[in-house]
Asks: 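One structure coming up, written as structure tokens, with questions to follow.
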Amino acid sequence: MNVLADLHTHTNFSADGKDHMADMCRAAISKGLSYICFTDHIDNNPSDNGYKYFNYAKYSETIERMREEFGDKIQVLKGIEFAEPHLYPREFEDVLKKDFDIVMVGIHYLGETYVGDKVISGNYSKQQIFREYYREVLKAVKFGGFDVLAHFDLPKRYFKGSYSEKEMTLEILQEMVNKGIALEINTSPLRRGFTECTPDSEILKQYIEAGGTKVTTGSDAHSCGDIAADFDYAHKLIKGFQGIPGIFKGRRFIPIDSL
Ligand SMILES: [Zn+2]
Ligand SMILES: [Zn+2]
């Protein structure tokens with residue numbers, strides 16, 4: 001696998017993003033990437049720091065400038081990470097009318113609280129948190145309309161060890177396969193002291209066994225230094241299960257082998 005594509009990155013168009021898009025492009029080029037996709041946040045939960053933060057017009061304009069400036073060295077893809085579309089259908093419909101290469105969905109909130117918040121970890125067991133989280137993911141996947149599901153078992157990034165809820169994860173994965181939604185291998189837990197991606201082998205294997213054929217790689221970098229972090233690990237994982245890694249362009253999946 002010679003093509004490096006990081007399809008999940010954040011710039012300062014996200015409230016929690018640190019760096020300018022131009023610096024992110026320079027860092028990606030220096031790391032040898034062929035593709036970088038910016039997936040800044042649209043979080044509609046009023047409790048979120050990034051509530052109403054995203055500016056589509058400026059984002060589009062900046063991406064166009066990046067394409068002009070760096071287009072001969074790297075392909076810049078225009079994406080979005082939209083949280084809980086099933087709860088914000090009107091806002092999601094607006095996003096779908098716009099021109100994106102990738103519409104990615106991530107579940108971030110359980111009610112009014114962020115999944116990783118200490119209020120949750122202090123009051124609920126790991127099992128309860130994962131169950132609630134998967135319930136929300138299932139609702140989002142049933143709602144559909146998007147290309148990639150981000151960080152499948154996100155609570156893992158905040159609580160030691162994963163918790164497997166086989167029946168629920170299978171139901172989510174089957175729905176993803178039916179709708180053609182890609183599974184993202186998100187490397188962010190590896191730089192927080194964990195030994196697995198979100199998701200890792202167990203869920204990737206189930207996705208492929210359920211008939212899933214689309215896999216993407218994302219660092220979830222919120223600054224230049226984390227772009228494509230631990231991609232060697234992710235590539236080995238995908239290869240080990242004969243997953244088909246690819247990118248999205250104009251919301252169409254293209255396997256890396258046919259680029
Ligand atoms: Zn996310
Ligand atoms: Zn993200």
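Counting starts at 1 for both ligands and their atoms, in listed order. Residue numbers count from 1 along this sequence. Values in this document were obtained by computation on a predicted structure and should not be read as measured data.
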Asks: Have a look at His108 and say which of its N, O or S atoms is nearest the Zn ion (ligand 1).
Replies: NE2
Asks: Less than 4.0 angstrom from a charged side-chain N to a carboxylate O is my criterion; do Glu68 and Arg65 meet it?
Replies: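 Not counted as a salt bridge, because no side-chain N and carboxylate O are separated by less than 4.0 Å.
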Asks: Are Tyr53 and Met104 co-members of a hydrophobic cluster defined by side-chain heavy atoms under 4.5 Å apart?
Replies: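 Different clusters: Met104 never reaches Tyr53 through Ile, Leu, Val, Met, Phe, Trp or Tyr contacts under 4.5 Å.
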Asks: Output yes when Lys98 and Glu93 qualify as a salt bridge under the 4.0 Å nitrogen-oxygen rule, no when they do not.
Replies: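 Judged by the 4.0 Å cut-off on N to carboxylate O distance, Lys98 and Glu93 do not form a salt bridge.
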Asks: Listing by chain and number, what protein N/O/S atoms are under 2.8 Å from the Zn ion (ligand 2)?
Replies: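 Listed by chain and number: His8 NE2, His10 NE2, Glu81 OE1, Asp220 OD1.
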Asks: Who passes side chain to side chain donor-acceptor pair (under 3.5 Å) against Ser219, sequence neighbours left out?
Replies: Asp6
Asks: To the nearest 0.5 Å, what is the distance between CG (Asn44) and CZ (Phe92)?
Replies: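 Rounded to the nearest 0.5 Å, the CG-CZ separation comes to 10.5 Å.
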Asks: Applying the ring pair (Phe, Tyr, Trp, His ring centres under 6.0 Å) criterion to Phe152, which one of Tyr134, Tyr133, Tyr207 satisfies it?
Replies: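 So, applying the ring pair (Phe, Tyr, Trp, His ring centres under 6.0 Å) to Phe152 and each of Tyr134, Tyr133, Tyr207, only Tyr134 qualifies.
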